[in-house]
K.L.:
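Sharing a structure, written as structure tokens. Questions coming.
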Amino acid sequence: MATNFYIKLNKIWRVLATGFCFSVFGFGGIVLTLLVLPLQRLFEPCQAKRKQKARLTVHYSFKFFVALMHYTGAIHFSVQDKQKFHDLKGQLVLANHPSLIDVVVLISVIKNADCVVKAHLFKNPFMRGVIKGTGYISNEDPQELLNDCEASLAAGNNLIIFPEGTRTTPGEQLTFKRGAANIAARCKAPITSVLISMKPSTLTKGTPWYCVAATKAHFEMRFATDPFTFNNTFNNEQPAMQARQLTRDLQHYFSEELRHL
């Protein structure tokens, strides 16, 4: 009886803690948009340095948010090899996408992170100022997207991509889109594979933030044990065939790696 009461009480607390954390996240986005980033633009005339400072600001803001969720008991976080994440440079960071906060955790441990953002988020009042200030890449124009990704990687940034394109539906197999493969084939950047798990599932696709799991969720993130390698025959194929084959290879690779989590 006492155990059931404790479980219910803990779940209520996690709902309240999750709501509080996301409220802080939204408020922080407004503060960054209306105050912090405009001040950076005012005092830093160089656009490149301004964008770098904006990304560093977002990095530390997301680090604070992850710590807030962890220490309020909303979600337990475990990130292996943090120093290795910190030392990444010029990598195409590919990861599976089980939860809403995957990109937040990735940016919180990677200082010079860039990422591809869905075009509709540029209209989000909580995020658009941050996205524009950091210079994150829009997926609106496919050709411009490829050019921007190539330039970002050449500048030494770490480009975060979710090959699924959206969050995984719990219980279903991974289904990758060709976007990540097109970027990988075009840019020829070294690939870093990151594996993410959220057990039990929470903040998943189609699930409201307040529908927390029955027990506290554990978010785990680590590098894949075996690095992904390109098929050497790609150079002899047409770009469309390259992308199709690489998408299949990436999907199979991540599916196998995630079986061991």
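All values below were derived from every heavy atom in this structure, side-chain atoms included, with hydrogens, water molecules and symmetry-related copies excluded.
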K.L.:
For residues I75 and M198, determine if any side-chain heavy atom of one lies less than 4.5 Å from a side-chain heavy atom of the other.
P.N.:
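Yes, side chains in contact.
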
K.L.:
Return the orientation label for the F162 and H97 ring planes: parallel under 30°, perpendicular over 60°, tilted otherwise.
P.N.:
parallel

K.L.:
Quick one: does I137's side chain get under 4.5 Å of V117's, heavy atoms only?
P.N.:
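Side-chain contact under 4.5 Å: no.
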
K.L.:
Under 4.5 Å between any side-chain heavy atoms of L92 and C187, yes or no?
P.N.:
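Result no, sub-4.5 Å side-chain heavy-atom pair not found.
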
K.L.:
Should F254 and F228 be marked as a ring-ring contact (aromatic ring centres under 6.0 Å, His included) after you check the CA-CA gap, both sets of side-chain angles, and the distance that decides it?
P.N.:
CA-CA 9 Å; F254 270 91; F228 178 82; 8.0 Å; no

K.L.:
Does the side chain of N158 come under 3.5 Å of the side chain of N112 through a donor N or O and an acceptor N or O?
P.N.:
yes

K.L.:
In terms of the angle between their ring planes, are W209 and F22 parallel, tilted or perpendicular, with boundaries placed at 30° and 60°?
P.N.:
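W209 vs F22 ring planes: tilted.
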
K.L.:
Ring-plane angle category for F77 and F219, please: parallel below 30°, perpendicular beyond 60°, tilted otherwise.
P.N.:
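Taking F219 first and then F77, their aromatic rings sit tilted (interplane angle of 30° to 60°).
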
K.L.:
Do V31 and V36 touch side chain to side chain, with heavy atoms closer than 4.5 Å?
P.N.:
yes

K.L.:
Under the side-chain contact (heavy atoms from CB on, under 4.5 Å) criterion, do E220 and R222 qualify, and how do the steps go?
P.N.:
CA-CA 7 Å; E220 181 182 353; R222 65 174 177 82; 4.2 Å; yes

K.L.:
Any donor-acceptor pair under 3.5 Å linking the side-chain atoms of Q40 with those of T57?
P.N.:
yes

K.L.:
Using atom types as modelled and distance alone, determine if a side-chain donor or acceptor of R50 lies under 3.5 Å from a backbone N or O of E44.
P.N.:
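Yes, R50 side chain to E44 backbone: donor-acceptor pair under 3.5 Å.
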
K.L.:
Run the side chain to side chain donor-acceptor pair (under 3.5 Å) check on K111 and Y60 step by step: do they pass?
P.N.:
CA-CA 8 Å; K111 273 191 174 182; Y60 284 114; 3.3 Å; yes

K.L.:
Are side-chain N/O atoms of R248 and Q251 paired as donor and acceptor at under 3.5 Å?
P.N.:
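No - no donor-acceptor pair under 3.5 Å links their side chains.
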
K.L.:
Determine whether I107 and Y136 make a side-chain contact, defined as any pair of heavy atoms from C-beta on separated by less than 4.5 Å.
P.N.:
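Side-chain contact under 4.5 Å: yes.
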
